[in-house]
S.K.: 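Let me begin by handing over the structure; questions about it come next.
For reference, positions follow the sequence shown, starting with 1. Keep in mind the model is a prediction, meaning the values are calculated, not measured.
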Amino acid sequence: MKRLLSILRTSTVLFSFLLSISTLFLWARSNYVVDWFTFGPKGYFPNGSPIRPTAVGRSSLGRLVFGAGPSAGSILNPPVSGECDGFQLWRRPAYYPYDINNFVVWERMGFQYIRWQPGNRGTVTPGTWGFQIPTLFLTFLFAIPLTLWLAHRRRRFLRRLAHRCPTCGYDLRATPARCPECGTPSSLPVPGDSH
């Protein structure tokens, strides 16, 4: 069981590291290149107008914007046409996004909740929603497991230097072979040991 937990912990830390590096790269890239995706079926509303994508996302100027709904493409720049079918990716040089404040319901510190409501200007269909997240927020969020792991390793290292048990911190100068408190074997040299 300990081995399984160790593998799980190591995998989580590695995954945390990869996600942190990826979002940091995405943040840097978003200042030069805008990437966006659409996903949705090709089809038409009962009135004959094309169905816009049901899911869209954009990375630009250090922010990630996601939307979903029958006309989610309308809350992104550029507006997404109804011609896409399935999953598609686009990119273009960075630009300042169109004003989506017509649809912003809540905003705080770079986070936004976007929703079509009766009375909004624009053409977004009811049931369409979206949100915006600062990319660096995700970088810091994904770095939490890695940071905790590094802090844990540092604490164990400092305890070993101070002749303390790396697990519980008990003073091992009198019992260097094994911690009498928690039973953890020690890597400290045992007095009288010639090796």
S.K.: So that I know where these two stand, are Phe131 and Phe66 an aromatic pair - ring centroids less than 6.0 Å apart?
M.R.: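 Phe131 vs Phe66: aromatic centres under 6.0 Å.
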S.K.: What distance separates Leu61 CG from Arg63 CZ, expressed to the nearest 0.5 Å?
M.R.: 5.5 Å
S.K.: Leu24 vs Leu136, test: side-chain contact (heavy atoms from CB on, under 4.5 Å). Steps then yes/no.
M.R.: CA-CA 7 Å; Leu24 194 59; Leu136 284 180; 3.9 Å; yes
S.K.: If we only count heavy atoms from C-beta on, is the Tyr170 to Pro180 side-chain gap below 4.5 Å?
M.R.: yes
S.K.: Write down the atom of Phe142, the atom of Pro145, and the distance for their closest heavy-atom approach.
M.R.: O-CD, 3.4 Å
S.K.: Name the atoms and distances for all side-chain donor-acceptor pairs under 3.5 Å in residues 147-158, with sequence neighbours left out.
M.R.:
from, atom 1, to, atom 2, distance (Å)
Thr147, OG1, Ala143, O, 2.8
His152, ND1, Arg155, NH2, 3.2

S.K.: If I compare all heavy atoms of Met109 with all of Pro134, which pair ends up nearest, and what's the gap?
M.R.: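 Of all heavy-atom pairs spanning Met109 and Pro134, the closest is O-CG, 3.9 Å.
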S.K.: So that I know where these two stand, are Phe111 and Phe137 an aromatic pair - ring centroids less than 6.0 Å apart?
M.R.: yes
S.K.: Honestly curious: do Val13 and Ile21 fall in one hydrophobic cluster under the side-chain, below-4.5 Å linking rule?
M.R.: yes
S.K.: Please lay out, stage by stage, how Val65 and Val56 fare under the test side-chain contact (heavy atoms from CB on, under 4.5 Å).
M.R.: CA-CA 8 Å; Val65 181; Val56 293; over 6 Å; no
S.K.: Determine, using the 4.5 Å side-chain heavy-atom cutoff (strictly less than), whether Phe17 and Leu19 are members of one ILVMFWY cluster.
M.R.: no
S.K.: Can you tell me how far the CD atom of Gln132 sits from the OH atom of Tyr113, to the nearest 0.5 Å?
M.R.: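 Taking CD in Gln132 and OH in Tyr113, the distance rounds to 14.5 Å.
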S.K.: Over all heavy atoms of both residues, which pair between Cys182 and Cys179 is shortest? Give the atoms and the distance, please.
M.R.: N-SG, 3.4 Å
S.K.: Tell me whether Ser60 contacts the main-chain N or O of Val34 through its side chain, where contact means a donor paired with an acceptor under 3.5 Å.
M.R.: no
S.K.: Are Trp27 and Leu138 in one and the same hydrophobic cluster, where Ile, Leu, Val, Met, Phe, Trp and Tyr link if side-chain heavy atoms are under 4.5 Å apart?
M.R.: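 No, Trp27 does not connect to Leu138 through the hydrophobic network.
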S.K.: Can you check whether Ile133's main-chain N or O pairs, donor with acceptor, with Gln112's side chain at less than 3.5 Å?
M.R.: no
S.K.: More than 12 heavy atoms of other residues, nucleotides or ligands under 6.0 Å from CZ of Phe15: is that the case?
M.R.: no
S.K.: Any side-chain heavy-atom pair from Leu172 and Cys165 closer than 4.5 angstrom?
M.R.: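 Side chain of Leu172 against side chain of Cys165, heavy atoms only: contact under 4.5 Å found.
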S.K.: So, taking the atom named OG in Ser20 and the one named CG in Leu146, what distance separates them when rounded to the nearest 0.5 Å?
M.R.: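 Taking OG in Ser20 and CG in Leu146, the distance rounds to 6.5 Å.
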S.K.: According to a 4.5 Å side-chain heavy-atom criterion applied to Ile, Leu, Val, Met, Phe, Trp and Tyr, with indirect links allowed, do Trp129 and Trp106 form part of one hydrophobic cluster?
M.R.: yes
S.K.: Using 4.0 Å as the upper bound for N to carboxylate O, is an ion pair formed by Asp35 and Arg58?
M.R.: no
S.K.: Do Leu64 and Leu18 share a hydrophobic cluster, counting only Ile, Leu, Val, Met, Phe, Trp and Tyr and linking them when any side-chain heavy atoms are less than 4.5 Å apart?
M.R.: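 Hydrophobic grouping puts Leu64 apart from Leu18.
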